[in-house]
Structure formats: structure tokens, C-alpha cells
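Worksheet: the structure to be examined is printed underneath.
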Amino acid sequence: MSQNPRVLDGAGSLYFPGGPTAVLVCHGFLGAPQSVQYVCRQLARKGFTVSAPRLQGHGTSYQDLARYTHQDWIKDIHTAYQSLRVNHSSVFIVGQSMGGTLALHTAASFQDTAGIALINPALDVPGMQRAVRETSASFIKEDRPDIRCPQEEEITYSHVPTASVRSLLQLTAAVRPKVRSVSCPALVAASRIDHVVPPANAIAIYENLSSASKAFEWLEQSYHVATLDADRDFLADRLSLWIASVTSSRLSASHN
């Protein structure tokens, strides 16, 4: 297999240059930056610098995904965070699904994280736990992406390597005890109906964060991939207002 597999059309990393406040956006397991592109563009229009890296093994083929583990995805996001931090006064992290798991890991690792926004974050995924217990196959067939709007399509895979699911579960297990160590401002959003990650994940994360400033939002019109679903405009507006508010509070505190 080629060490540099072809990236699917539209699945590459995204970067929008902007002001001194940067937003690192993390896509989910099996997805690609395309799944968060709309929200990224809306944030960029508000003047933020926005980066959404493609995680290794994503946006190519499910055979390629089998070459990587959660350690590679952690490295991808940590590297992107450090790169943004060099030239930006503050860096926020927004994560969808497994991207939320990676956002939590990064915030726990870098205490200068300006804030995290978690959209249907994953720490307990019963369906995937059952899937790996009940199969001896190398690959598992994937269902259609969990999106309520029928016209929306996500770039993803028809199958998933069983080893990759196990690696995702190792990531969630590793991040679960780190939640209490995260104290930066936080916004947690959960779809009322989510067929992939139970909303109880978001509630438990919200309750266990040590953040003095934190907010919770229910997404009433979307399923799991909310950044592509009917609540995407609400999400983009809520995120931009929240980032602006946290940034303003940080500036006020620094002047006092």
C-alpha cells in the first residue's frame, strides 16, 4: 500500500487565516474536515483564524485508517494546537464526537487552552463496544452517517477496521479520568436524539469539568453529526458568541 494514499475530494485539511484568536476544530471518527467545514467557514467570517486538520487515516480509505491509532490522532491535534499557539494570543478547541474526546485530551495537556467547545463528545460508545465484542472480522460494516437532514452527506467510510474501533475505545478510556483536570471555559452541546453517542456522555462531561465558566446547550433539530445537520447555523452563531465572550472576559481580567 502506498504510504501517501490519495485524499478524497473535499476531505483535506482546512485553514482560514484571520485575527489573533484561533480556533482549532477537530472532526470525528471516520469523518473528515468536510463534516465541520460549514461551521469553520462561519467562524472565519467572524474574524477568527480557523484550522481543521485531517486526522491521519481519515478522508482516504478504511484500509489506510487501519495503519493508525489514537496515538497518531492525539499527535495530530497536539501538533496543530502548538502550531496555532505560536502566532495567536489564544487558541480555542472545538471538537465533534471523537473530536471532542481529542479536545478534552488536548485541554488537559495544555493548560493555556483558551476554551473548549464539545459537540456530542464521545467517552462511552456502547454500540462500538458491542460491535468489537461480537465480531472476529477485521472490518465492520458501517451504517449511514447519523444525520437528520436527508440532503446532507458526510465524507466517511463504508467499513471500519475493528482495530481502529478498539483504538477509539482505548482513547475514550484514557480521556475519561482527565475530564476533571480540565478547568478552562467550556461549552458543551448535545443532540437530544443521537443514535451513535448517548447524550449522557455530554451531561457527564459537563458535570465533571472543573471549569468555573461552563455552559450546556441542547441541539433539538440534529442527530449525531450536528455540524452538518439542521442546527449548524445555531451552532456556528453560539460558538462565535461564546468565543467572543470568553475572549472579552480574558482581556478584562488581564487589565485588572
Side-chain angles (χ1 to χ4, degrees), residues 3-4 7 11-18 20-37 39-40 43 48-60 64-123 163-164 166-188 205 208-211 227 239 243 246 250:
Q3 294 300 302
N4 295 293
V7 176
S13 298
L14 302 172
Y15 181 77
F16 303 99
T21 298
V23 186
L24 172 60
V25 184
C26 315
H27 68 77
F29 185 61
L30 305 186
Q34 173 263 346
S35 66
V36 294
Q37 180 173 284
V39 170
C40 288
L43 290 172
F48 303 116
T49 294
V50 182
S51 173
R54 179 184 63 84
L55 301 175
Q56 294 180 83
H58 293 73
T60 51
D64 179 45
L65 180 65
R67 298 167 50 210
Y68 301 99
T69 72
H70 65 282
Q71 296 292 348
D72 297 300
W73 310 326
I74 289 170
K75 183 179 178 182
D76 289 339
I77 297 304
H78 282 201
T79 299
Y81 177 86
Q82 291 173 299
S83 178
L84 286 171
R85 193 67 184 88
V86 170
N87 296 310
H88 296 85
S89 58
S90 58
V91 179
F92 290 81
I93 311 173
V94 176
Q96 157 82 32
S97 190
M98 182 186 75
T101 318
L102 292 168
L104 284 165
H105 190 288
T106 306
S109 303
F110 298 96
Q111 295 301 311
D112 59 356
T113 302
I116 57 170
L118 312 174
I119 304 162
N120 293 324
L123 284 187
S164 299
R166 291 197 178 97
S167 194
L168 167 64
L169 296 175
Q170 290 168 359
L171 172 65
T172 59
V175 171
R176 209 171 292 128
K178 295 180 182 288
V179 175
R180 289 188 185 276
S181 69
V182 176
S183 58
C184 63
L187 173 64
V188 182
I205 289 169
N208 285 288
L209 286 167
S210 295
S211 309
T227 50
L239 285 168
I243 293 169
V246 172
R250 282 164 57 95

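Because the structure is a prediction, the values reported are computed rather than measured.
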Minimum heavy-atom distance between Gly57 and Leu65, given as atom pair plus value = O-CB, 3.4 Å

message = How long is the straight-line distance from CG of Asn87 back to OG1 of Thr49, given to the nearest 0.5 Å?
response = 9.5 Å

message = The test is side chain to side chain contact (heavy atoms under 4.5 Å, CB included); show your working for Val25 and Val39 and say whether it passes.
response = CA-CA 9 Å; Val25 184; Val39 170; 5.8 Å; no

request  = Write out all pairs satisfying salt bridge (Lys or Arg N to Asp or Glu O under 4.0 Å) with one or both partners inside residues 75-104, taking only residues at least two apart or from two chains.
outcome  = Arg85-Asp112

ask   = Going by heavy atoms in the side chains, are Leu14 and Val50 under 4.5 Å from each other?
value = no

remark   = Residues at least two apart in sequence or cross-chain that pass ring pair (Phe, Tyr, Trp, His ring centres under 6.0 Å) with His58, listed by chain then number, are His27, Trp73

Distance-only check: which donor-acceptor pairs under 3.5 Å involve side-chain atoms of residues 177-188, not counting sequence neighbours?
from	atom 1	to	atom 2	distance (Å)
Arg180	NH1	Asn208	OD1	3.3
Arg180	NH2	Asn208	OD1	2.5
Ser181	OG	Lys178	O	2.6

ask   = Which heavy atom in Val91 sits nearest to a heavy atom in Leu24, and how many Å separate them?
value = CG1-CB, 4.4 Å

ask   = What pairs with Thr69 under side-chain hydrogen bond (donor to acceptor under 3.5 Å, both in side chains), at least two apart in sequence or on another chain?
value = none

Step-by-step side chain to side chain contact (heavy atoms under 4.5 Å, CB included) determination, Cys40 to Phe16 = CA-CA 8 Å; Cys40 288; Phe16 303 99; 3.9 Å; yes

message = Please evaluate residues Phe92 and Val246 with respect to the criterion side chain to side chain contact (heavy atoms under 4.5 Å, CB included), reporting the C-alpha separation (whole Å), side-chain torsions for both, the decisive distance (0.1 Å), and the verdict.
response = CA-CA 10 Å; Phe92 290 81; Val246 172; 3.7 Å; yes

query = Looking only at heavy atoms, which two atoms of Ser35 and Thr227 are closest? And how far apart?
reply = O-OG1, 2.7 Å

inquiry  = Give me the atom names and distance for the closest heavy-atom approach of Arg67 to Asp72.
reply    = O-OD2, 4.5 Å

task = Heavy atoms only: give me the nearest Arg54-Ala11 pair and the separation to one decimal.
result = CD-O, 3.4 Å

task = Starting at CG of Leu169, measure out to OG of Ser164 and round the result to the nearest 0.5 Å.
result = 11.0 Å

inquiry  = Could you check whether any side-chain N or O of Thr21 sits under 3.5 Å from a backbone N or O of Phe48, counting only pairs where one atom can act as donor and the other as acceptor?
reply    = no

task = Name all pairs fulfilling the side-chain hydrogen bond (donor to acceptor under 3.5 Å, both in side chains) condition that reach into residues 113-123, sequence neighbours left out, sorted by first residue then second.
result = Asn120-Ser191

query = Which distance, rounded to the nearest 0.5 Å, do you find between the CZ of Arg166 and the CG of Leu168?
reply = 12.5 Å

remark   = So OG1 of Thr60 and OH of Tyr68: to nearest 0.5 Å the spacing works out to 7.5 Å

note = Nearest heavy-atom approach of Pro53 to Ile77 is CG-CD1, 3.9 Å

Residues 99-106 side chain polar contacts: donor-acceptor under 3.5 Å, at least two apart:
from	atom 1	to	atom 2	distance (Å)
Thr101	OG1	Ala122	O	2.5
His105	ND1	His78	NE2	3.1
Thr106	OG1	Leu102	O	2.8

